[in-house]
Structure formats: structure tokens, C-alpha cells
Amino acid sequence: MKKRAKVAVLISGRGSNMAALVYAAKADDCPYEIVLVASNDPAASGLKLAEAEGIDTFAHPHKGLKRAEHDQIIHEAVTSAGAEYIALAGYMRILSDDFVSKWQDRMLNIHPSLLPKYKGLDTYQRALDAGDTHAGCSVHLVTPELDDGPVLEQTAVAILPGDTATLLAGRVLIAEHQLYASTLAKYVTREANPDWILSEVRKRALALEETYERPSFGTPGWRVGSEKTGKYFAYFSQRHFGETGTSVFVKTSGLDEQGALLDADPDLYFAPKFYGKSGWIAIRLDTGATDWGHVADCLKKSWRMVAPKRLTRMMDIADNF
Ligand code: GRF
């Protein structure tokens, strides 16, 4: 069994979503474990369930504390439990920007609506009043704006004739329990998922000026310049041409730089066989510790080597200044 991701769950009340995560984590192949259940309310009934399941709990009331002070207490509890991720599950606190930024890309929330519809409270009644055919739930990454971060997954739940907010909430909750457990599992293993890795490379390649994607021998590649005369500056490789693992191929300035990189970090780089002695280098993206800033830099350097002069001229001037 691979190392499981350590997750802290923050609750304020019933904690049924927390319970869904706890029970999902009992499966042998679940990629996460719940290391702490914490609350801003010592009377939250979910805490008793977590305790009975042998999970460490922590509670600290927010009354009389500044928001940032309370967040810091929770942050310390979560960090000392060794958590790598936070799952908010009915945590009825607005979080300080500082706390959110400390957990950027590592904090998820579940919200009972099909975001971006119906942020905030009273989501079921608002869906009913709008005459929607479906309500639902969303799991999203947490950003400073309430219920606003990128949506990871959603489940739509049909609205039935004669539905009330209470009836609808009950069915949405069933969907929530399925959705949170499975989305969290996918999220904590994303770095081993070639589709996710590809989308991260694509985002960075297409952020460069005048680039577009064109497949090359069945693998995605990125070019700079016009559709006709553009040149490739990167290729995505997943077991491509017999290479193992997921990687991106970029250009270096030549064999000297390629050799130096291979010597400096043989676990990160390898020479793609198919490209022979051309100075292209492969960067492994499935080590579980990808430095995406570094990948972006390598893409940019490669882009610059093949981009038309009119695009690089200003950069060259700035360099020589
Ligand atoms: C859920 O409906 C969740 O979507 C929302 O708060 C509620 C928490 O319920 N964020 P529970 O405490 O998980 O039972």
C-alpha cells in the first residue's frame, strides 16, 4: 500500500460529510487517511463520532478571538497532526486570507449547490424558487472568496415534484457523501494521473505568447509561431517511443547543457532516445514532487529558442541591458 495522504477535516456541527470521509478511508485502497477532526465548536456532534472511530479530535471555540487568531490555533492543530490537506465539511467559519493562502491548493470544501449557482446559504430553497430542474453539490478548492474556488467535481440531483428544501437537502446530502469521498481520493492522487499532469503542462505551454497545440506522432506537442511555420518547443510524453513514465520534452541550448542537466539531476532528467543527439531533454513529471515553477521556466527557455525574432527581440534587449 502506497503512503496515504494525511487529511484533517474541519467541522462545525453534525459532521455527516466528515463521517463519509472517515468510512471511505477504512477501505484498504483509499489513498487518504483522516488524521484529525477539528472544530470551532466543542459541542459539535461530529466530534463524538470521530472520537468513537479512534480519530484524534481538537476543538477550540472562536468566541472572543480575532479571526486570524482562531485560524492560527486551528492551523497549528492541523499542522501538528501532520495533515497535508484540509477538507472543510460544514465548517461555518469564514477563513482569513492568510489561512487560505497557507493551504492554497491543499484545502477543499463541499457546497450544496451546482456552483457557481447559489453561493452562501439557503441553496435548496433558492434552487426551488428558481424553478431549476436540478440541484446538486460541488467540491471545490478553497480560495479567499466564499464558495468561489475552482470546482473539482459536481453531482446533479433531480428536483422532484412537490419537493421541499428539507426533502431536497436530504437527497443532496446522499450525493455529497459519495462525491466528497471520491473527489478527495482523486485529488490527493492527481500527481500520478497523466490527464492531470497533461493539463498542467498544457496550461503553462499555452500561457506563452503565440503558442498552440498540435499532436505529433500521437502525443500532444506545443508550437510557437504561425500555424504554417510554427516550431515545436515541447512535447508531452507518456510511454512515448518506448520511454517509461510521464514527462515533457523541451529544448536545451545544446549537448553541453543537456549533459550538464543529466549529470546534475539524473532522477529528474533523461535524454529522450528518439531525439538522438539533438539537445532535447525530458523532465520527469511523475515523481510526485514536481516543481511546476521549474517546468514553466524550462518551457519558456525552450519557447525562446524557437520563437520568431519579433517575439523574442524585446527579451533579448532586456537581457543585454
Ligand atoms: C453540508 O450540506 C455541506 O455541503 C455544507 O454544510 C453541510 C454540512 O453537513 N457545507 P454535515 O455537517 O457534513 O452533515
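Model, not experiment: these values are computed from the prediction. Order of appearance sets the numbers: ligands from 1, and atoms from 1 within every ligand.
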Q: Quick test: of every protein heavy atom, which one is nearest to atom 10 (N) of ligand 1, and how far off is it to 0.1 Å?
A: I110 O, 3.0 Å

Q: What is the closest protein heavy atom to atom 11 (P) of ligand 1, and at what distance does it sit?
A: S16 N, 3.4 Å

Q: Could you find the nearest protein heavy atom to atom 12 (O) of ligand 1 and give me its residue, atom name and distance?
A: G15 N, 2.8 Å

Q: Side chains of K102 and Q72 only: does a donor on one sit below 3.5 Å from an acceptor on the other?
A: yes

Q: Aromatic rings H60 and F58: how do their planes relate, parallel, tilted or perpendicular, breaks at 30° and 60°?
A: parallel

Q: Against heavy atoms of Y124, which atoms of ligand 1 measure under 4.0 Å?
A: 2 (O)

Q: Does the Lys NZ or Arg CZ of R190 fall within the cation-pi geometry relative to Y187 - under 6.0 Å from the ring centre and within 45° of the axis?
A: yes

Q: Knowing that exactly one of D132, T123, D147 qualifies, which makes a side chain to side chain donor-acceptor pair (under 3.5 Å) with Y118?
A: D132

Q: Just by distance, no angles: are the side chains of S138 and Q154 close enough, under 3.5 Å, to form a donor-acceptor pair?
A: yes

Q: Nearest protein heavy-atom contact for atom 9 (O) of ligand 1: which residue, which atom, what distance?
A: R14 NH2, 3.1 Å

Q: Does C137 reach ligand 1, in the sense of a heavy atom lying below 4.0 Å from it?
A: no

Q: Does ligand 1 come near enough to N109 that some N or O of the ligand is less than 3.5 Å from an N or O of the residue?
A: no

Q: Looking at Y232, does the NZ or CZ of R223 lie under 6.0 angstrom from its six-membered ring centre and within 45 degrees of the ring axis?
A: yes

Q: Which residue supplies the protein heavy atom nearest to atom 2 (O) of ligand 1, what is that atom called, and how far is it?
A: E176 OE2, 3.0 Å

Q: Does any N/O atom on L173 come nearer than 3.5 Å to any N/O atom on ligand 1?
A: no

Q: Do Y235 and W222 touch side chain to side chain, with heavy atoms closer than 4.5 Å?
A: no

Q: List ligand 1 atoms under 4.0 Å from G90, heavy atoms only on the residue side.
A: 6 (O), 8 (C), 10 (N)

